[in-house]
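Below: one structure, written as structure tokens.
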Amino acid sequence: MTGAVEDGPLAEDTCREVLRAVMRALDGARQASGDGGLHAFTFSLRGATADGAAQWELREYEVCERAAHFESLHPLLRDYAVVTGAGANGNRMWADAETPAGTHAIGALVLRDRTWLPAYIDFLRSCDLDHEVDQWGVLDQLIEHHGWAPDTCALAAARLLSCRGQHGDEQLSTWMEASLGEYLATEEGRAAFDHAAAREFDTWNGDIMLGALKGPRDAHCGEMDEWLEAFEPLMDPARLAVLRRHAHGRWARERGLPEQ
């Protein structure tokens, strides 16, 4: 993609034009790929003189970081992160061998505006976390930037369940030693984490959860108990028992039945 912009940072209207052009290019590439779908997608922005001599290039992460400065462009960044999740075989596309497509957009967005934390968790759920690449580093960056609070507790709960992946337990241990343990020792922290954990069990619709919900109640409860073990270091027995009842109860809630 080539174009002409004024010297200095990209202006808001230019960023909007670029992101819309990228979305059109992505849609065209998906249609051209046919039933096979896209395995990879990324973009860069190049500026050139009239004779075609390249003068500068902005890579995807640079464009996304600039666009994130403008609140009006936040939905476009989120949309780009969402559509790149619909790649070949239903998997997320790749920007390169180490970066899931959409990482730069959603990362720049959630660093700029913490209200997009739920969207970032949805993004992580769409990644192959059994083979993690840069997710640990981005999550650490988010905690360093935003700190522990009721909204960021959702990241800790997700790292134990829907986004546990390859290194979730290990990263939680480092967070507990660094600052999360101190936050969870406060009344606010305990209440925030309890709420986030319950919401995780309500909103996670991964294959494991859906499979457990389709089976008999006892099988569902047994599956949930295995996942609940990861929460034991962060909750006292009484709070863990409340969470266990809530996690078990989703089977009945899905069917409109009384919880046991």
Side-chain angles (χ1 to χ4, degrees), residues 1-34 36-88 91-124 126-128 131-146:
M1 179 185 303
T2 60
V5 299
E6 297 178 357
D7 291 339
L10 293 176
E12 181 175 359
D13 287 344
T14 304
C15 286
R16 181 180 292 106
E17 180 182 348
V18 168
L19 290 175
R20 287 175 174 171
V22 166
M23 295 288 279
R24 291 193 297 270
L26 175 57
D27 185 59
R30 290 174 63 185
Q31 293 185 32
S33 69
L38 286 180
H39 292 275
F41 186 87
T42 188
F43 68 91
S44 63
L45 183 64
R46 298 183 180 92
T49 57
D51 60 6
Q55 291 186 315
W56 49 262
E57 178 178 0
L58 294 176
R59 288 177 289 180
E60 179 176 336
Y61 80 89
E62 295 172 301
V63 175
C64 291
E65 286 178 357
R66 180 57 187 168
H69 283 77
F70 307 109
E71 186 175 354
S72 69
L73 303 185
H74 289 182
L76 275 174
L77 289 170
R78 186 275 315 278
D79 290 348
Y80 177 67
V82 170
V83 297
T84 49
N91 297 321
R92 174 162 291 281
M93 303 171 199
W94 290 88
D96 56 49
E98 297 293 328
T99 311
T103 294
H104 300 309
I106 197 67
L109 177 58
V110 75
L111 278 170
R112 175 64 56 173
D113 185 351
R114 65 195 301 154
T115 62
W116 293 98
L117 281 165
Y120 180 70
I121 291 174
D122 287 341
F123 170 81
L124 283 182
S126 72
C127 295
D128 179 11
H131 303 90
E132 292 190 27
V133 282
D134 63 346
Q135 288 87 1
W136 182 312
V138 175
L139 284 161
D140 276 352
Q141 189 178 11
L142 288 174
I143 297 305
E144 181 179 354
H145 184 72
H146 293 305

Evaluate the side-chain proximity of [Y] to [X]: yes if any heavy-atom separation is below 4.5 Å, no if none is.
| X | Y | answer |
| --- | --- | --- |
| V138 | Y120 | yes |
| R30 | V83 | yes |
| T84 | W94 | no |
| H145 | I143 | no |
| L58 | L10 | yes |
| T99 | Y61 | no |
| W116 | I121 | no |
| E98 | D134 | no |

Spatial distance of atom [atom1] ([X]) from atom [atom2] ([Y]) [nearest 0.5 Å]:
| X | Y | atom1 | atom2 | answer |
| --- | --- | --- | --- | --- |
| E65 | L109 | CD | CG | 12.5 Å |
| L117 | L142 | CG | CG | 6.5 Å |
| L73 | D79 | CG | CG | 11.5 Å |
| C127 | R92 | SG | CZ | 5.0 Å |
| L19 | R66 | CG | CZ | 12.5 Å |
| I106 | R78 | CD1 | CZ | 8.0 Å |

Before accepting this row, confirm whether a basic side-chain N of the pair E12/R16 lies closer than 4.0 Å to the acidic partner's carboxylate O.
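R16 and E12: salt-bridged.
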R24 bridged to D27 by N-O distance under 4.0 Å:
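No.
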Between E60 and S44, does any side-chain donor sit less than 3.5 Å from a side-chain acceptor?
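No, no side-chain donor-acceptor contact under 3.5 Å.
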Tell me every residue that passes ring pair (Phe, Tyr, Trp, His ring centres under 6.0 Å) with Y80, counting only those two or more places apart in sequence or in another chain.
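In terms of ring pair (Phe, Tyr, Trp, His ring centres under 6.0 Å), with neighbours along the sequence ignored, Y80 is linked to F43.
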What heavy-atom pair brings A86 and M93 nearest, and what distance separates the two atoms?
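Closest approach of A86 to M93: O-CE, 3.5 Å.
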